[in-house]
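Data first, discussion second: the structure below is written as structure tokens.
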Amino acid sequence: MDRVLVAEDSPEISKLMELTLRMEGYEIMQAFDGIQALALANAHRPDLILLDVMMPGLTGFEVARQLKANPETADIPLIFVTAKHEVDALVEGLELAVDYISKPFAVPELAARVRAAMRMRKLQEDLKASNEQLSKLAVTDALTGLSNRRGFKEQFDDELWRARRFGHAIGFALFDLDRFKAVNDTWGHPQGDVVLQKFGEVLLKSSRRVDKVARFGGEEFAVLLPATDESGVSVVCEKVRSATEDLVIPISSSSTGEIIRLTVSGGAVILPHIEESGVEMAHLATGLFELADRCLYQAKTGGRNRIITRTCTDVEAAQIGAGLPVAPAPSGAGEDGELA
């Protein structure tokens, strides 16, 4: 039931409004001065407020300004009820309210204006919900419910700035399901979608609440690990690899109980520290992705079902991101930094 706050200092008019709106099916709250009206609005968040302009304590305009200044009550529609007919007063009122009713008013007019205001509120709420849903869909992978590449990039940029600000390490890992094409070719894309969803669940269960998990597309996924050193990154990546290897996925179309077993390869890069200046952050993000992708390629060509990790400096990653040559890997490391 929609709730209407009637703020009117005249008991007779207030009673008439209450009876009229109750017959229309609304739940009614009543206030008889501006201070009481403001307190009830803040406490109960009514769906609509009928607000007398001239009230003791606070005028209707003063109540309206305070409600609009509060984000919690700013969207509550207001209808001023007034005996003032000066143009300046009407203009001021319509800057704050969706409508006004002149005293004396006819009961059918009161009911009609309230219904119109309620319809407008409903349309605004539907539009707001649609916009929020569209915003969410723009950064969310529809199949797994994880962030998509666009959403992940925004999170990645934020976490890099935060790591530099607080001097934290940061880890970034790419995962790619091994021989996933064979799943689609053998069992069809619907079954492949189930596999992708199950792996998404593995990633969520293997990561922490503060980690950022995304599906980039196809069978490629990413995890961002804020405030995580090399040891922590290795632990998370091994959890993902091991849990994927243990995963058993029944074939939904099979009548003989066939299952899918799969493995995953990963490439991870750890950045122990980001300098306060001198590093282009956009190049840094690109470089970290490139390094993780190189490690992932090594894991694939090295036999799959393994994780290759690499620790780098911010300068090295930024240079790679900018397409500049970098110094060779340090002694004791294999190609692309894989430990020998």
Side-chain angles (χ1 to χ4, degrees), residues 136-156 159 171-208 211-225 228 233-254 258-270 285-310 336-338:
K136 181 179 180 181
L137 289 174
V139 295
T140 303
D141 174 59
L143 179 64
T144 62
L146 304 176
S147 293
N148 61 17
R149 191 164 190 151
R150 176 182 176 182
F152 186 82
K153 183 182 183 305
E154 295 176 0
Q155 296 172 328
F156 200 176
E159 289 299 337
F172 171 59
L174 286 174
F175 295 97
D176 190 276
L177 291 173
D178 297 328
R179 298 185 175 89
F180 178 73
K181 184 177 183 299
V183 174
N184 284 334
D185 291 345
T186 305
W187 303 107
H189 287 277
Q191 187 64 55
D193 288 347
V194 173
V195 171
L196 294 173
Q197 290 169 336
K198 293 296 184 183
F199 181 69
E201 294 171 7
V202 166
L203 285 180
L204 287 175
K205 291 177 181 178
S206 301
S207 57
R208 306 162 301 179
D211 298 335
K212 309 298 188 280
V213 181
R215 180 189 176 208
F216 276 9
E219 64 270 29
E220 188 173 52
F221 294 75
V223 178
L224 183 63
L225 301 146
T228 310
V233 171
S234 297
V235 167
V236 172
C237 289
E238 177 56 25
K239 284 175 65 177
V240 172
R241 190 207 63 77
S242 176
T244 305
E245 190 175 35
D246 293 340
L247 194 61
V248 176
I249 303 174
I251 305 297
S252 56
S253 60
S254 172
E258 292 177 281
I259 60 172
I260 292 175
R261 304 294 296 264
L262 68 156
T263 60
V264 67
S265 299
V269 59
I270 301 94
T286 303
L288 291 174
F289 180 88
E290 174 63 25
L291 285 169
D293 197 47
R294 292 181 189 181
C295 291
L296 174 60
Y297 179 77
Q298 277 188 271
K300 287 287 190 180
T301 57
R304 299 183 177 87
N305 191 24
R306 66 192 61 205
I307 309 294
I308 301 296
T309 62
R310 174 173 178 173
D336 279 328
E338 181 183 4

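For the residue pair Ala243 and Ser206, the shortest heavy atom distance occurs at CB-OG, 4.4 Å. For the residue pair Val223 and Leu203, the shortest heavy atom distance occurs at CG2-CD2, 3.9 Å. Scanning both residues, Leu224 and Gly171, for their nearest heavy atoms gives CD1-O, 3.4 Å. The two residues Gly266 and Ala299 come nearest to each other via the heavy atoms O-CB, 3.6 Å.
Taking the six-membered ring for Trp and the full ring otherwise, Phe156 and Phe172 have centroids separated by under 6.0 Å. Aromatic rings from Phe221 and Phe199 are positioned such that their centres are separated by under 6.0 Å.
For the side-chain contact (heavy atoms from CB on, under 4.5 Å) with Ser265, the lone residue among Thr301, Asp178, Ile307 that qualifies is Asp178.
When side chains are defined from C-beta on, Ile270 does not count as touching Arg310, because their heavy atoms never get closer than 4.5 Å. When side chains are defined from C-beta on, Phe152 does not count as touching Leu146, because their heavy atoms never get closer than 4.5 Å. Between Thr228 and Arg208 there is a side-chain heavy-atom pair separated by less than 4.5 Å. Counting heavy atoms from C-beta on, the side chains of Leu262 and Val195 come closer than 4.5 Å. A 4.5 Å side-chain heavy-atom check between Lys212 and Glu159 finds at least one atom pair inside the cut-off. Using a 4.5 Å heavy-atom cutoff, the side chains of Ile249 and Gln191 are in contact. For the pair Asn148/Arg215, no side-chain contact is recorded, criterion being any heavy-atom separation below 4.5 Å from C-beta on. Looking at Glu220 and Asp293, their side chains come closer than 4.5 Å, going by heavy atoms from C-beta outward.
Distance check: Leu196 CG to Leu177 CG gives 6.5 Å after rounding to the nearest 0.5 Å. Interatomic distance, CG of Leu143 versus CD of Gln197, reported as 4.5 Å (0.5 Å rounding). With rounding to the nearest 0.5 Å, the separation of OG1 in Thr186 from CZ in Arg179 is 12.5 Å. Summarising the geometry, atom CG belonging to Leu204 is positioned 8.0 Å from atom OG1 belonging to Thr144; distances are rounded to the nearest 0.5 Å. Interatomic distance, CD of Glu219 versus NZ of Lys181, reported as 10.5 Å (0.5 Å rounding). In this structure, Glu290 CD and Thr286 OG1 are separated by 9.5 Å, a value rounded to the nearest 0.5 Å.
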Apply side-chain contact (heavy atoms from CB on, under 4.5 Å) to residues Val202 and Lys205 and explain how you reach the verdict. CA-CA 5 Å; Val202 166; Lys205 291 177 181 178; 6.0 Å; no

Evaluate side-chain contact (heavy atoms from CB on, under 4.5 Å) for Ile260 paired with Ile251, printing each intermediate quantity in order. CA-CA 7 Å; Ile260 292 175; Ile251 305 297; 3.0 Å; yes

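Using modelled atom types, no side-chain atom of Arg150 and backbone atom of Lys153 make a donor-acceptor pair closer than 3.5 Å. Arg294 places no side-chain N or O within donor-acceptor distance of the main-chain N or O of Ala292, the cut-off being under 3.5 Å.
For residues 233-249, the set of pairs meeting the side chain to side chain donor-acceptor pair (under 3.5 Å) definition, not counting sequence neighbours, comprises Glu238-Arg241, Arg241-Glu245, Arg241-Asn305, Glu245-Asn305.
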